[in-house]
Amino acid sequence: MSSKTKPSAPTATASEAEGGGVFRVERVTKNLLADFTGGQSWADVLRKENLGAGASNRPTQGGRKVQPANFEMCSRFKTINVYHSTCIEAETNSTVGLGFASDKVKKTLDPLCVRSFGSVIRPGGEDFFATGNGYLEVVRDAPGGKILGLHHMQSPPTFAFVEEDGRTFHYEFEAGAGMSLTGSSFGSATGLIKMPRFGDSKRFFAKFKDRAPKSGATISEVIHFADPSALSRWYGMPKWLANTVAMELMHALDQREFDFFINRGVPEFIFLVTGAKVGVDDWKVIKTAMQAHIGLGNSHKTFAANIPDPNAKVQVEKLDAEGADQGDRYSKMTDALALKIVSAHQVPPLLAGIQLPGKMAAANELPNAIRAFQILKVGPAQEVFQDTLATPLGDPTENGGLGLTADDFKLKKITDELDLDAMETSSRMRETEPEAAAAGRDLKDGLKKELTSKDREAAGEVLAHALAAIMAQSDRALREDVRELAARAPTVIA
């Protein structure tokens, strides 16, 4: 009798069991991500091009451009894997979460947002790292006019629409429930909304006169942050797609462990009765008793079966590993897959909560990892955001009198916010920070260094000269004491 079966499998009748057949005691099953991908592999779902509603049949000359990946699923994947989610959070916070070096940006743009500009740019950064694209809606009182509001636009329902010349383009936004644009007058509250790029409203409305705003209505323009990729001309691409298989395998491991413990932590087995036939009523009792042990809250129960036939023998065959071996395998595989996931993100393992066993004694690992992360990952992403914001919002001829310049949009770096030299000094000291502070040490001065023999000789000579100068201006008794000390100066230094 097997404890592992499919929920849909039929249960054999008692008469079949009496005739030498078998019956199933069905285990409890609960899919952690039921129907998340509709039965398809995660890699197939994510890499599937997304045409959206009403996609154009003119893929090269013009029309709506397909999204090179399923951006909606890319966004949702942030919620299903802890390491993937932590990496996106680390990338987002490090790139745009620290704010701008100039206080003018916050003072100028915060009043234009529902909460703050940080609450607008940060979701855009999250979309940027999850889907490769982030969007910002800019609300104006007229084409080229005053900016009235700034709002985050979701990445998945936003498409590039290339016009007839094959070069000029605008955006289409598929607004659904809860996704209507704040300031747009180009469509209904929900449905398809066409929007020009930032600074392109005059040309756009001259061409699409039916889209021109009514008198007194506001307009919306789009700023697009794209993580550049050779795979698409019109969209950015997420760089983490290579870890899809690792995430799916990690989910399979989690599901397996979940199934094990929800079935009271008993490994799969076959229950055999040999040497005698078991009656219908006895089978019913055995089946009912075993089923009572399945599911949450049914642990630590005892099951005893009394089979009258003296020739009957009960045999239990385990079908799976148990105990420490099973847990060790799960731990090792999870650690290996976690490293694959953070590698695809180019995030240092320490920032994703992963401690490498061979690196535990490396005192300078974190400062070095942060420096490399800033240079290789965060820096290029900040360039995208800085350049994309500086061109429209930092241009006095386009920004509707905001009073900001391109230089104001420089983002803060991680290395600007952390004193990495002091961190490295602290991690390598033999004494605690309070002890070092009590001794008058400053972490910025670096580690103590032992003097070489040449250093000692040089210091001794300096001290001897200093004592000689003092002796020349002191009384006779003091000169005797100083003379003796000067003679011992090299020894004192040593």
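- Between T388 and Q386 the shortest side-chain heavy-atom distance does not fall below 4.5 Å.
- Between F225 and F128, the distance from one ring center to the other does not fall under 6.0 angstrom.
- In the model, Q374 has a side-chain atom that pairs as donor or acceptor with a side-chain atom of Q382 under 3.5 Å.
- A salt bridge does not link E257 to R329: none of the charged nitrogens lies less than 4.0 Å from a carboxylate oxygen.
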(request) May I have the step-by-step check of side-chain contact (heavy atoms from CB on, under 4.5 Å) for W234 and F169, ending in yes or no? (result) CA-CA 9 Å; W234 308 103; F169 66 97; 3.7 Å; yes
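- With hydrogens and angles ignored, the 3.5 Å screen pairs no side-chain donor or acceptor of D227 with any backbone N or O of G236.
- A search for salt bridge (Lys or Arg N to Asp or Glu O under 4.0 Å) contacts involving R233 returns nothing, not counting sequence neighbours.
- Side-chain N or O atoms of T95 include none that pairs as donor or acceptor with a backbone N or O of T92 at under 3.5 Å.
- Counting only distance, with no hydrogens or angles, the side chain of T79 and the backbone of R76 share a donor-acceptor pair below 3.5 Å.
- Between H224 and F198, the gap from one ring centroid to the other reaches at least 6.0 Å.
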(request) May I have the step-by-step check of salt bridge (Lys or Arg N to Asp or Glu O under 4.0 Å) for E383 and K410, ending in yes or no? (result) CA-CA 9 Å; E383 287 291 330; K410 183 179 180 181; over 6 Å; no
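- For the residue pair K78/H84, the side-chain donor-acceptor check at 3.5 Å is not satisfied.
- Using a cut-off of 4.0 Å between Lys/Arg side-chain N and Asp/Glu carboxylate O, D200 and R203 are scored as salt-bridged.
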Which atom pairs, one a donor and one an acceptor, fall under 3.5 Å between side chains of residues 109-116 and the rest of the protein, sequence neighbours left out?
from	atom 1	to	atom 2	distance (Å)
D110	OD1	F117	N	2.9
D110	OD2	K106	NZ	3.0
S116	OG	S119	N	3.2

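- Using modelled atom types, one side-chain atom of N399 and one backbone atom of L393 make a donor-acceptor pair closer than 3.5 Å.
- Between D328 and S331, the side chains place no donor N or O within less than 3.5 Å of an acceptor N or O (distance only, hydrogens not considered).
- Nearest heavy atom pair, residue T158 against residue M153, reads OG1-CE, 3.7 Å.
- The backbone N or O of P228 lies less than 3.5 Å from no partner atom in the side chain of Y235, so there is not a single donor-acceptor pair.
- Counting non-hydrogen atoms of neighbouring residues, nucleotides and ligands closer than 6.0 angstrom, the NZ atom of K207 exceeds 12 such neighbours.
- Of the N and O atoms on the side chains of D395 and T397, at least one donor lies less than 3.5 Å from an acceptor on the other residue.
- A search for side-chain hydrogen bond (donor to acceptor under 3.5 Å, both in side chains) contacts involving Y83 returns nothing, not counting sequence neighbours.
- Classified by interplanar angle (parallel below 30°, tilted 30° to 60°, perpendicular above 60°), the ring pair H345/W240 is parallel.
- Judged by the 6.0 Å and 45° rule, R64 forms no cation-pi pair with F161.
- By the neighbour-count criterion of 12 heavy atoms within 6.0 Å, atom NZ of K413 is sparsely surrounded, having that number or fewer from other residues, nucleotides or ligands.
- A donor and an acceptor atom, one from each side chain of H152 and E137, are nowhere located under 3.5 Å apart.
- The distance from the CD1 atom of I375 to the OG1 atom of T415 is 8.0 Å, given to the nearest 0.5 Å.
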(request) For C74 and L241, run side-chain contact (heavy atoms from CB on, under 4.5 Å): C-alpha distance rounded to whole Å, both residues' side-chain angles, the deciding distance at 0.1 Å, then the answer. (result) CA-CA 9 Å; C74 288; L241 288 180; 4.2 Å; yes
